Amino acid sequence: MRTSMTFSTSAQSQVINNATSAHSQVTNNFVALVSQPVRVLAAYYSHILERRISCRQMWLLLNAQLAFFLTVFTSCSLVLRTICLIWLVLALLQCKDALSTGQQTDCAE
């Protein structure tokens, strides 16, 4: 014996709305959880530099730091060091532009 369930259009809409709402809430919670360390690090940089640092500026600063460490503290071929040096110069120029213009794009909250 087979039972079939039929939903009215409004019931189907309600189920879809509930599922969408639950998915949206999970996504928002995930974004808040992941962005928390980013906001904390941006606040740290703001404290150290004694000025407000946006998330974009924080990512540019991290990029420059990573390029610096890979340029200075790695023992690799001259070609790779040259590539890292170019990366470092470009990262520093990006930081200079972003920090001098004072673009403020806050972190997602």
Side-chain angles (χ1 to χ4, degrees):
M1 193 171 182
R2 197 172 191 188
T3 23
S4 72
M5 287 176 70
T6 57
F7 291 107
S8 67
T9 306
S10 62
Q12 289 175 347
S13 296
Q14 184 66 30
V15 169
I16 290 172
N17 287 341
N18 288 343
T20 303
S21 175
H23 181 268
S24 177
Q25 185 177 8
V26 168
T27 302
N28 289 341
N29 290 342
F30 178 75
V31 168
L33 180 68
V34 170
S35 66
Q36 179 64 27
V38 172
R39 288 193 306 259
V40 169
L41 192 54
Y44 172 73
Y45 278 129
S46 295
H47 178 73
I48 295 298
L49 297 174
E50 296 179 352
R51 61 179 284 188
R52 190 169 182 196
I53 299 296
S54 69
C55 284
R56 180 178 184 280
Q57 292 167 334
M58 186 259 330
W59 284 115
L60 290 172
L61 288 168
L62 279 178
N63 182 40
Q65 287 177 344
L66 181 61
F68 173 78
F69 283 114
L70 289 178
T71 301
V72 174
F73 296 115
T74 58
S75 57
C76 55
S77 69
L78 184 59
V79 174
L80 288 178
R81 280 193 177 216
T82 304
I83 291 170
C84 288
L85 181 62
I86 293 169
W87 174 24
L88 176 62
V89 169
L90 292 175
L92 290 174
L93 290 174
Q94 286 179 332
C95 282
K96 180 183 174 189
D97 289 342
L99 292 172
S100 66
T101 59
Q103 300 170 346
Q104 291 297 324
T105 306
D106 287 333
C107 300
E109 292 187 24

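Only a predicted model underlies this, so the values are computations on that prediction, with no experimental measurement involved.
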Can you name the closest pair of heavy atoms from Cys55 and Val38 and give their distance?
-> SG-CG1, 3.7 Å
Can you name the side-chain contact (heavy atoms from CB on, under 4.5 Å) partners of Val34, sequence neighbours left out?
-> Phe30
Which heavy atom in Arg81 sits nearest to a heavy atom in Cys76, and how many Å separate them?
-> CG-SG, 3.7 Å
Side-chain cluster (under 4.5 Å, hydrophobic types only) that Val40 belongs to, other residues | none
Should Val79 and Ile86 be regarded as members of a common hydrophobic cluster, given that ILVMFWY residues are connected when their side-chain heavy atoms come within less than 4.5 Å of each other, either directly or indirectly?
-> no
Identified side chain to side chain contact (heavy atoms under 4.5 Å, CB included) partner of Gln57 from the options Leu99, Leu49, Thr101 | Leu99
Side-chain touch Arg56/Leu60, heavy atoms, less than 4.5 angstrom | yes
Any Trp87 side-chain heavy atom under 4.5 Å of Leu66 side chain = yes
CG of Leu85 to CG of Leu70: how many Å apart, nearest 0.5 Å?
-> 12.0 Å
Side chain to side chain contact (heavy atoms under 4.5 Å, CB included) assessment of Leu62 paired with Leu41 = CA-CA 10 Å; Leu62 279 178; Leu41 192 54; 3.6 Å; yes
Flag yes if more than 12 heavy atoms outside Trp59 fall under 6.0 Å of its CH2 atom; otherwise flag no.
-> no
Closest non-hydrogen atom pair between Ser46 and Ile53, with its separation = OG-N, 2.8 Å
Not counting sequence neighbours, which residues clear side-chain contact (heavy atoms from CB on, under 4.5 Å) with Leu92? List them please.
-> Ala64, Leu88
Establish whether Tyr44 and Met58 are linked, either directly or via other cluster members, by ILVMFWY side-chain heavy-atom contacts under 4.5 Å.
-> yes
